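In what follows, a structure is listed as structure tokens, so that the remarks can point back to it.
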2 protein chains.
Amino acid sequence: MDLRQLRYFVGVARERNFTRAAQQLNIAQPPLSRQIQALEDELGVALLIRNSRPVRLTEAGRLFYEQALQVLGRVDQMRAATRRVGLNQNSVLSIGFVASTLYGGLPSLVRKLRHRAPDIEIQVLEMMSIQQIPALKEGRIDIGFGRLHHSDSGVVEIVLREERLTVAIPRDTPLAQDSAPLPIGALTGQKLIVYPKEPRPGYADQVLNLLHGHDVRPAEVHEVREIQTALGLVAAETGLCVIPSSARQMRSDVHYRLLEGERATSPVILYHRVGDTSPYIDLVKEVIKEMYAENPSWLSAEHNLPTRPSFAE
Amino acid sequence: MDLRQLRYFVGVARERNFTRAAQQLNIAQPPLSRQIQALEDELGVALLIRNSRPVRLTEAGRLFYEQALQVLGRVDQMRAATRRVGLNQNSVLSIGFVASTLYGGLPSLVRKLRHRAPDIEIQVLEMMSIQQIPALKEGRIDIGFGRLHHSDSGVVEIVLREERLTVAIPRDTPLAQDSAPLPIGALTGQKLIVYPKEPRPGYADQVLNLLHGHDVRPAEVHEVREIQTALGLVAAETGLCVIPSSARQMRSDVHYRLLEGERATSPVILYHRVGDTSPYIDLVKEVIKEMYAENPSWLSAEHNLPTRPSFAE
DNA sequence: CCGACATAATACCCACTGAGTATAATTGTA
DNA sequence: TACAATTATACTCAGTGGGTATTATGTCGG
């Protein structure tokens with residue numbers, strides 16, 4: 001497959017007519033026909049219904065059309081962004097984050113950064129905490145937001161907050177009759193759902209270690225790939241799930257109770273390279289400090305231990 | 001630019017070595033060098049620092065690398081999805097939506113649909129309300145979720161709910177001293193921010209008409225492209241902004257008050273083609289009905305007039 | 001139902017781009 | 001400073017993409 005083929009197909013899909021599409025694409029009609037045929041051959045799927053005038057799209061063609069538009073748009077953006085960065089010499093700040101920070105302050109942080117430093121290109125990449133450490137060292141990202149402590153001497157970590165954990169409980173079960181914090185011991189003998197299945201060690205192990213440290217043994221442990229699935233299974237009464245409190249808003253059809261117990265928290269940690277002198281690191285820290293000052297709802301004392309990041313004395 | 005060039009560049013960026021990358025790509029090293037040069041020429045930007053071993057990426061190269069990875073991944077997904085649909089004959093349900101429904105029930109609707117009918121490929125496309133009508137008629141989407149009434153005989157509309165409007169107010173201003181609902185007349189003489197600037201007529205006109213109908217004349221009207229910007233300007237004390245209540249959660253650094261007055265609501269409307277006999281339309285309606293029954297928080301009575309969609313008698 | 005027109009597919013040829021081989025230039029290091 | 005590793009350049013060849021001419025197919029009016 002080839003970008004040219006995408007452009008050609010988009011032309012035909014838009015015009016629903018090979019001849020006119022060919023004119024707009026500045027080629028003759030026969031080569032256009034052949035390129036579309038080649039595309040269909042490679043996919044092994046008919047994209048167009050030709051025994052009809054005007055030409056119509058098949059179901060597959062319709063899907064392919066919308067996706068092709070998006071890919072082409074993405075390529076244009078990529079070209080423009082690369083030129084901007086390359087020519088104006090303005091830099092790129094690449095931020096890695098774990099999915100759960102999306103439900104916390106990350107979106108407004110990024111928004112504020114774009115506002116405060118419109119000349120830098122900000123790029124965000126979702127990745128698990130432990131993938132962030134090598135990504136930082138290889139220069140793929142400059143800043144990471146994760147939930148795991150690490151022991152790599154090349155990467156600094158700053159604990160932004162200790163977020164309390166919450167247990168997601170299926171409605172209409174005994175444990176869901178109360179909304180008070182749930183002592184960690186109450187998880188003994190329960191069916192537990194943890195995420196993510198990979199990569200290990202990850203947040204799942206953090207939860208399992210916590211339970212182990214309290215001598216709590218769940219009846220079974222079910223591993224799933226991501227939090228969405230986990231909460232879906234909770235709603236389907238498959239078991240309980242321990243999540244960071246900020247992820248509560250993801251589903252409203254399950255019951256939530258804070259988890260109570262020693263170390264029943266998950267940190268939100270900022271990572272960056274040791275000796276990274278880029279001014280943007282400081283900008284990020286500064287903006288985070290401001291956000292703490294504004295103290296928006298996602299930082300509510302109710303869901304956090306009263307910690308403050310080390311740089312915000 | 002060419003997908004091949006993206007693949008080649010990704011290979012070099014990953015290996016940081018032309019020779020090894022060429023081996024992995026199953027080509028000789030010289031053509032690889034030339035393709036990368038061609039790419040850099042087209043972009044007019046250096047992507048690699050060659051007078052260094054191992055080869056390093058420039059800032060622009062780093063950006064281009066991550067984006068190229070994403071584009072290539074997207075293309076693979078597109079290929080796979082198209083094949084799936086084309087071969088297994090399972091269909092595509094294409095859903096258009098206005099951005100504000102993202103803060104309402106759309107995400108869980110889509111999740112539920114995927115769960116209930118795993119064989120259909122669900123595609124979601126953000127588009128403004130009035131763009132949805134032609135998109136429906138041209139078959140680009142099958143279902144639309146928007147906020148504007150229309151008068152096209154080819155498209156059915158079902159009002160799902162009448163969401164109350166909320167005024168976003170800068171903190172520390174007189175109007176922000178109270179949290180009680182704000183009578184619509186209080187907007188007289190205020191600076192107002194509306195969105196979206198395009199396309200017209202749109203939600204902005206809905207708000208302006210509402211004020212006009214109540215003989216309320218704001219001091220100035222500032223038009224911006226999207227709600228994010230609008231709320232940003234509110235936070236910057238540039239003026240007030242009228243938003244659907246579900247969009248409250250977008251920013252926590254402004255003050256919100258419900259708007260009180262005749263017709264101070266914005267409907268959430270489901271559109272589909274007249275005579276569309278696809279079973280998926282009914283499935284969507286059914287799932288929505290269920291979601292009403294579950295009555296999650298974003299549907300709270302507080303932020304909605306007590307309406308029920310016509311199909312949920 | 002047929003014929004004329006519109007439109008897509010096929011046949012064939014040419015040019016140019018991309019790949020290979022051989023070799024020169026450059027970088028990093030012992 | 002010289003050698004090993006690695007990238008760039010020169011040159012050639014094959015295959016793909018594009019053009020023109022023509023055939024096949026579909027649509028619509030009479």
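Given the structure is predicted, the values throughout are model-derived calculations rather than measurements. Numbers restart at 1 for each chain; the letters A, B, ... are given by sequence-line order, proteins then strands.
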Whole-Å distance separating the [atom1] atom of [X] from the [atom2] atom of [N]:
| X | N | atom1 | atom2 | answer |
| --- | --- | --- | --- | --- |
| A/Arg56 | C/dA8 | CZ | P | 14 Å |
| A/Tyr8 | C/dA8 | OH | P | 16 Å |
| A/Asp2 | C/dG18 | CG | C1' | 12 Å |
| A/Arg4 | D/dG17 | CZ | C1' | 6 Å |
| A/Leu25 | D/dG17 | CG | P | 15 Å |
| B/Gln35 | C/dT17 | CD | C1' | 9 Å |
| A/Ile27 | D/dG17 | CD1 | C1' | 9 Å |

For [Y], does its backbone N or O pair with a side-chain atom of [X] as donor and acceptor, under 3.5 Å?
| X | Y | value |
| --- | --- | --- |
| A/Arg83 | B/Leu43 | yes |
| A/Glu157 | A/Ile269 | no |
| B/Arg273 | B/Ile141 | yes |
| A/Gln206 | A/Leu148 | no |
| A/Arg62 | B/Val92 | yes |
| B/Glu42 | B/Met1 | yes |

Exercise. What closest approach, in Å, do B/Leu125 and B/Ser94 show between heavy atoms, and which atom pair accounts for it?
Worked result: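 B/Leu125 and B/Ser94 have their closest heavy atoms at CD1-OG, 3.9 Å.
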
For this session: Encode nucleotides 9-15 of chain D as B, S and - characters from 5' to 3', where the letter depends on protein heavy atoms closer than 4.0 Å: B to the base, S only to sugar-phosphate, - to neither.
Result: B------

Exercise. Quick check: are there more than 12 heavy atoms from other residues, nucleotides or ligands sitting under 6.0 Å from CZ of A/Arg111?
Worked result: yes

Exercise. B/Arg116: what forms a salt bridge (Lys or Arg N to Asp or Glu O under 4.0 Å) with it, not counting sequence neighbours?
Worked result: B/Glu286, B/Glu290

For this session: Could you label the plane-to-plane angle of the A/Phe9 and A/Phe64 rings as parallel, tilted or perpendicular, counting under 30° as parallel and over 60° as perpendicular?
Result: perpendicular

For this session: Could you label the plane-to-plane angle of the A/Tyr203 and A/Tyr195 rings as parallel, tilted or perpendicular, counting under 30° as parallel and over 60° as perpendicular?
Result: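 Plane angle between 30° and 60°, so tilted.
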
Problem set entry | Under-4.0 Å side-chain N/O to phosphate OP1/OP2 contact, A/Gln5 with D/dG17 | no

Problem set entry | Identified side-chain contact (heavy atoms from CB on, under 4.5 Å) counterpart of B/Gln35 within the set B/Gln5, B/Glu40, B/Arg7 |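 It is B/Gln5; the other options fail the test.
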
Problem set entry | For DNA chain D, the residues among residues 15-23 of chain A that have a non-hydrogen atom under 4.0 Å from it |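 Going residue by residue through residues 15-23 of chain A, none turns out to have a heavy atom under 4.0 Å of DNA chain D.
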
For this session: May I have all residue pairs that pass side chain to side chain donor-acceptor pair (under 3.5 Å) and include part of residues 127-136 of chain B, sequence neighbours excluded?
Result: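 Listed once each, the pairs would be none.
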
Problem set entry | Terminal axis angle for the helix from C/dC1-D/dG30 to C/dA30-D/dT1, five pairs an end, nearest 10 degrees |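 About 40°, once rounded to a multiple of 10°.
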
For this session: Please list, by residue number, the residues of residues 38-49 of chain A whose heavy atoms come closer than 4.0 Å to an atom of DNA chain C; answer none if no residue qualifies.
Result: none

